[in-house]
Structures are given as structure tokens and as C-alpha cells.
Amino acid sequence: MKNVNYWLAKQEPSGPRGYNFETLKKDKTTIWDGVHNNLALKHMREIKKEDLVLFYHTGDERQIVGIMEVISDPYPNPKEDNKRFIVFDVKYKKSLKRPITLDEMKKQKKFQNWELIRISRLSVMPVPQQIWDTIIDISQN
């Protein structure tokens with residue numbers, strides 16, 4: 001079995017540029033694009049096909065709502081002239097039994113040094129295995 005890495009990607013669920021997890025569920029697949037932050041792009045370059053990604057709704061919700069599977073390696077965004085800006089394709093994998101809010105995660109001691117808590121504006125970040133497992137466990141209850 002391939003070594004799968006875990007990620008979290010944020011998206012505004014509503015508004016003109018909004019895209020939410022329910023829409024992904026209907027669409028089945030989408031291109032993850034629109035990322036221009038250098039650190040987020042650096043993380044995106046490490047993403048590989050078959051990696052798993054937590055879908056995080058930003059804005060008023062601020063919660064993890066589901067899981068996506070990466071179905072392509074990163075590639076240059078066809079809508080941008082600059083090759084620095086990359087995208088990757090994802091597919092709907094599953095909804096969490098219940099969403100996990102940012103407030104809940106902030107209460108977890110082991111999450112304190114995670115980028116989600118420390119760098120709130122970062123839109124794509126790795127998720128350490130221990131944190132991934134904890135999020136999945138919490139979402140089951």
C-alpha cells in the first residue's frame with residue numbers, strides 16, 4: 001500500500017467564490033485552485049495522488065466537514081499565466097459523521113502547534129497522522 005499523506009484544505013462555503021462540500025458531493029470531483037499563498041503553494045507541491053484531504057469550511061462556519069481524495073498530482077493552473085500557481089484534482093470521499101469546529105480543535109492540547117491553530121490564514125496544510133486520527137475519532141461521536 002502506498003504511503004498516504006494527510007492534508008487540510010480550506011474553502012469559503014458561500015458567496016461569489018464559494019464552494020462547499022455538498023457541492024463537491026454532487027459534482028463528485030473538482031479542481032482545487034485559487035491558492036496564491038507561498039507556504040500553501042509549497043504544501044501543495046508535496047501533495048500526491050491518493051493523499052487524503054480534510055475539507056474545511058471557512059467564514060462563519062470554521063469547521064471540518066468531510067474528506068476528499070486527491071486524484072492527480074499537482075499541475076500548473078491552466079487559468080493562470082504563472083507556472084508557480086498550481087492546482088490538483090480531488091474527489092468526494094466521505095462526509096464526517098459530524099463536523100468538527102475550530103473551537104473544538106483549539107481545546108485539544110495536541111493541536112496547539114498545528115498550522116491550523118497557529119497560522120489561521122493558511123489555506124492548505126499538512127495534517128500530522130496523530131491529529132488526523134484524533135479528528136476522525138472526534139467526528140464519530
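To the nearest 0.5 Å, atoms CG (Leu8) and CD1 (Ile131) are separated by 10.5 Å. Note that CG of Leu39 is 5.0 Å distant from CG of Leu122, once rounded to the nearest 0.5 Å. Taking NZ of Lys97 as the reference point, atom CD of Gln140 lies at 5.5 Å (rounded to 0.5 Å). Residue Arg62 holds its CZ atom at 14.5 Å from NE2 of His57, rounded to the nearest 0.5 Å. Separation of atoms CD (Gln11) and OG1 (Thr58) is listed at 6.5 Å; rounding is to 0.5 Å.
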Given side chain to side chain contact (heavy atoms under 4.5 Å, CB included), test Ile138 with Arg98 step by step and report yes or no.
CA-CA 9 Å; Ile138 294 171; Arg98 77 169 182 83; 3.2 Å; yes

Any chance you could lay out the side chain to side chain contact (heavy atoms under 4.5 Å, CB included) test for Ile136 and Ile67, step after step, and finish with the verdict?
CA-CA 10 Å; Ile136 302 304; Ile67 300 172; 3.7 Å; yes

Go through it in stages, so that I can follow the logic: the residues are Ile64 and Met105, the test is side chain to side chain contact (heavy atoms under 4.5 Å, CB included), and I'd like the CA-CA distance, side-chain angles, deciding distance and then a yes or no.
CA-CA 10 Å; Ile64 297 169; Met105 290 183 270; 3.6 Å; yes

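Summarising the hydrophobic clusters (Ile, Leu, Val, Met, Phe, Trp, Tyr; side-chain heavy atoms under 4.5 Å, direct or chained), the residues clustered with Met44 are Trp7, Tyr19, Phe21, Leu24, Trp32, Val35, Leu41, Ile47, Val53, Phe55, Val65, Met68, Val70, Phe85, Ile86, Phe88, Val90, Tyr92, Val124. Taking Ile, Leu, Val, Met, Phe, Trp and Tyr as members and joining any whose side-chain heavy atoms lie under 4.5 Å apart, directly or through other members, the hydrophobic cluster of Tyr75 also contains Ile31, Val87.
With Asn5 contributing its side chain and Asp51 its backbone, the two residues share no donor-acceptor pair below 3.5 Å.
Every residue two or more places apart in sequence or in another chain that forms a side-chain contact (heavy atoms from CB on, under 4.5 Å) with Pro76 is listed here: Lys83. Here Glu80 pairs with nothing under the salt bridge (charged side-chain N to carboxylate O under 4.0 Å, His left out) rule; sequence neighbours left out. Residues forming a side-chain hydrogen bond (donor to acceptor under 3.5 Å, both in side chains) with Arg45 (at least two apart in sequence, or on another chain): none. By the side-chain hydrogen bond (donor to acceptor under 3.5 Å, both in side chains) test, Asn20 pairs with Thr23, sequence neighbours left out. Ser139 is linked by a side-chain contact (heavy atoms from CB on, under 4.5 Å) to Leu96, Ile100, counting only residues two or more places apart in sequence or in another chain. For the salt bridge (charged side-chain N to carboxylate O under 4.0 Å, His left out) test, no residue two or more places apart in sequence or in another chain qualifies with Glu61. Remark: Asn38 pairs with Arg84 by the side-chain hydrogen bond (donor to acceptor under 3.5 Å, both in side chains) rule, at least two apart or across chains.
Listed by first and then second residue, the salt bridge (Lys or Arg N to Asp or Glu O under 4.0 Å) pairs involving residues 106-132 amount to none (not counting sequence neighbours). For the salt bridge (Lys or Arg N to Asp or Glu O under 4.0 Å) condition, no pair includes a residue of residues 4-29, sequence neighbours left out. Pairs engaging residues 123-132 under the side chain to side chain donor-acceptor pair (under 3.5 Å) rule: Gln129-Asp133 [sequence neighbours left out].
By the neighbour-count criterion of 12 heavy atoms within 6.0 Å, atom CG of Asp81 is sparsely surrounded, having that number or fewer from other residues, nucleotides or ligands. The environment of CG in Asp60 is sparse: at most 12 heavy-atom neighbours from other residues, nucleotides or ligands sit within 6.0 Å.
No side-chain heavy atom of Leu54 sits under 4.5 Å from any side-chain heavy atom of Tyr6.
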